[in-house]
Amino acid sequence: MSNTPSLTLEDVRGVAPALAHYMETAIIRDLWARSGLSARDRSLVTVSALVAGERTIWFAHYFTRALDSGVKPGELSELITHVAFYAGWSTAFNAVAIPVVALTRRLPRRHLLIGRLSRVLSIRR
């Protein structure tokens with residue numbers, strides 16, 4: 001399993017209630033509700049920015065949100081590969097473990113890519 005820490009809104013609320021409030025109003029209610037991009041497209045943009053900036057604390061949340069918004073596992077894979085050429089190889093490799101965890105929970109074990117990556121990262125279902 002990945003050692004990358006992750007947060008939930010409740011975690012933030014428990015430590016910094018005002019920050020959680022701004023997250024709910026500015027990000028969740030305002031930014032994500034704008035009509036200029038679909039939730040799927042916003043997810044791709046957000047995941048790209050997080051991967052490029054190595055903002056690992058939110059990877060689990062936004063990778064899962066991307067999958068929930070209709071982004072396909074192969075598209076997440078391509079996104080990480082694409083970002084590697086612009087943000088660096090190490091940056092992209094830092095992002096690999098999180099989608100493996102999210103995808104392992106969603107796809108059958110027989111899925112070749114996920115099965116291979118799961119073995120490499122010792123992820124158990």
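Residues take their numbers from the sequence shown, with the count starting at 1.
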Let me confirm one number: the [atom1]-[atom2] distance from [X] to [Y], rounded to the nearest 0.5 Å.
X	Y	atom1	atom2	answer
Glu24	Arg13	CD	CZ	4.5 Å
Thr81	Trp89	OG1	CH2	7.5 Å
Ile28	Leu9	CD1	CG	5.0 Å

Residue of the set Asp68, Leu50, Val47, Val71 for which side chain to side chain contact (heavy atoms under 4.5 Å, CB included) holds with Phe63: Val47
NZ or CZ of Arg65 within 45° of Trp32 ring axis and under 6.0 Å: yes
Taking 4.0 angstrom as the limit, do Glu78 and Lys72 come out as a salt bridge? no
Are [X] and [Y] in one and the same hydrophobic cluster, where Ile, Leu, Val, Met, Phe, Trp and Tyr link if side-chain heavy atoms are under 4.5 Å apart?
X	Y	result
Val12	Ile27	yes
Ile57	Val15	no
Trp58	Val45	no

His82 vs Tyr86 aromatic rings, parallel, tilted or perpendicular, using cut-offs 30° and 60°? tilted
Using the rule given for side-chain contact (heavy atoms from CB on, under 4.5 Å), can you reason through Met23 versus Arg29, listing the C-alpha separation, both sets of side-chain angles and the distance that settles it, and then say yes or no? CA-CA 9 Å; Met23 286 177 61; Arg29 278 190 258 163; over 6 Å; no
Are any of the side-chain heavy atoms of Leu31 and Arg42 separated by less than 4.5 Å? yes
Is there a side-chain contact between Phe59 and Val51 (heavy atoms, below 4.5 Å)? yes
Nearest heavy-atom contact between Leu79 and Ser48 is CD1-OG, 3.2 Å
Shortest non-hydrogen contact from Leu76 toward Ala66: CD2-CB, 4.2 Å
Pair Thr91, Asn94: side-chain N/O donor-acceptor within cut-off below 3.5 Å: no
